[in-house]
There are 2 protein chains.
Amino acid sequence: MQVEDLRHKLPNITDPGLLKALSEYGNIHEFKAGKVITEPGQFIKMVPIVLEGSIKILRMDDDGKELFLYFLEPGETCALSLTCCSASKPSEIKAVAEENTVILGVPIQKHEEWTDQFKQWKDFVSMTYQSRFQEMLVALDAVAFKRMDERLMRYIVTKMKQHKTNELHTTHQEIANELGTSREVISRLLKQLEKKKWIELGRNVIYIRDDFEELISN
Amino acid sequence: MQVEDLRHKLPNITDPGLLKALSEYGNIHEFKAGKVITEPGQFIKMVPIVLEGSIKILRMDDDGKELFLYFLEPGETCALSLTCCSASKPSEIKAVAEENTVILGVPIQKHEEWTDQFKQWKDFVSMTYQSRFQEMLVALDAVAFKRMDERLMRYIVTKMKQHKTNELHTTHQEIANELGTSREVISRLLKQLEKKKWIELGRNVIYIRDDFEELISN
DNA sequence: GCAATTTAGTAATATAAGTCACATAGAAAA
DNA sequence: TTTTCTATGTGACTTATATTACTAAATTGC
């Protein structure tokens, strides 16, 4: 990818040397919405920087039960890939393209070189660790301290913001998977929200009231 | 603290320049076992490196409910303090001295200088992020995917290893706090373990069978 | 020693969530 | 159109955990 395009896609990266290096050594990969990018056990060969679209990061347990952790948005990378790469350990998480997504893959050894070479890369990595840590805490708070109804409402808000819409096109089963519960539980809780007139349910779609976020915070 | 003492306490740090800097700018703080070092909302003025003893890191919710995350042992530091310091945000966690503990406090601005100045400091910070991230995943797995009985058994193993003993001197209430549940639940589950002859219960003490860890993994 | 406090045991009950079973509705395929 | 498949709705039931209420034992302070 050309330096000029990268400068445009990654406005936080301004160091010309770093942009040149990214352009030279980074590989473009494209994933269609829903495509599984990495699964637990797989070895990661590069640090992925999201250029377009977004990636959903999930934790899985041994029985295949899943738990949504956070989204990676344009300009961001995954702390776990940094971790896994450095330790050359297999992936601890599942990554799925949430939309059609374009990433720039940085080879591991370049990542290590650049932390010494470019202050901006070092700061980028440090910033990544910081923000992912925060998001892990949010995910932890949810499972440790919140009931499923509240977790579901927060999930809806997160997805709404991510897709910039108040129509979610998804199934109850998929929500259940990402919250690590069963479909019946989600169907019931959604029905309760519908009874309160906060959402409307259709097949494969949930219509959400514009003031949903204010409603749930009270 | 003298460079020679630090070299002895922190065998992973070998760079003479870094050791000298740590000796010059680091401040020694001592905490008695049980002393609360940081609470949520408090601002952190330094990066703490454990020299002796250990520190217990807990997450708290708004109602004061707690959840044990991990221990910091000699030679380790807290990723969250790195995060909070850099972002100058208040602490997200509670830190309590698990034993009588000695820490070396590194001023924030020195931390930032040293990441550029000393490769070994940069690696130390990076390593810290990596290992804390792993431990966050372990904590997350527990609350997301495990039942309380299994969490309790793992908790017992963690404490045993930490204190290098098979006598835990603690109360049911304290265990309940750290696992984010109620005292009655812990009393009942401990009683079940006693019935299986895996532990013996006394007042303020739990005696654990030597082969406890093998027993629970089957 | 005796009263007060802390710690532990436990039964009864309540609640959130998970599971099972089955009905139905809409969409897609034949 | 009819069949098939997928998604949803819902009652009945189970289970794990939380809460309430109380007792008793051990320890501490007087």
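If you're wondering where the values come from, they're calculated on a predicted model, not measured in any experiment.
- A cation-pi contact, defined as under 6.0 Å to the ring centre and within 45° of the axis, is absent between R132(A) and F133(B).
- Between F212(B) and W198(B), the ring-plane angle classifies as perpendicular under the 30° and 60° cut-offs.
- Comparing dA16(D), dG18(C), dA18(D) by their nearest atom to the side chain of R188(A) picks out dG18(C).
- Across all strands, L190(A) comes closer than 4.0 Å to no nucleic acid atom at all (heavy-atom distances).
- Between the side chain of R151(B) and the base of dT17(D), no donor-acceptor pair of N or O atoms lies under 3.5 Å.
- Over its length, the helix from dG1(C)-dC30(D) to dA30(C)-dT1(D) turns its helix axis by 30°, as judged from the five terminal pairs at each end, rounded to 10°.
- Here R203(B) lies in heavy-atom contact (under 4.0 Å) with a base.
- Each of E184(A) and D149(A) has a nearest nucleotide on DNA chain C; the 5'-most of these lies closest to D149(A).
- A salt bridge between K35(A) and E99(A) is absent, with no side-chain N of the basic residue lying under 4.0 Å from a carboxylate O of the acidic one.
- Put simply, CZ on F145(A) is 12 Å from P on dA18(D), counting in whole angstrom units.
- A donor-acceptor pair is defined here as one N or O able to donate and one able to accept, closer than 3.5 Å; such a pair exists between the side chain of D61(A) and the backbone of D63(A).
- Side-chain to base pairing of R183(B) with dG9(C): one donor and one acceptor N or O lie within less than 3.5 Å of each other.
- In summary, the side chains of S91(B) and Q42(B) do not present any donor paired with an acceptor at a separation below 3.5 Å, with no hydrogens or angles considered.
- Distance, Q192(B) CD to dT17(D) C1': 12 Å, rounded to whole Å.
- Below 30°, between 30° and 60°, or above 60°: for F124(A) and W121(A) the angle between ring planes is between 30° and 60°, a tilted geometry.
- Between H172(B) and dT6(C) there is no side-chain N or O to OP1 or OP2 distance below 4.0 Å.
- When heavy atoms are screened at a 4.0 angstrom cut-off, T171(A) is found touching the sugar-phosphate backbone but no base atom.
- With rounding to whole Å, I186(B) atom CD1 is found 12 Å from dA18(D) atom C1'.
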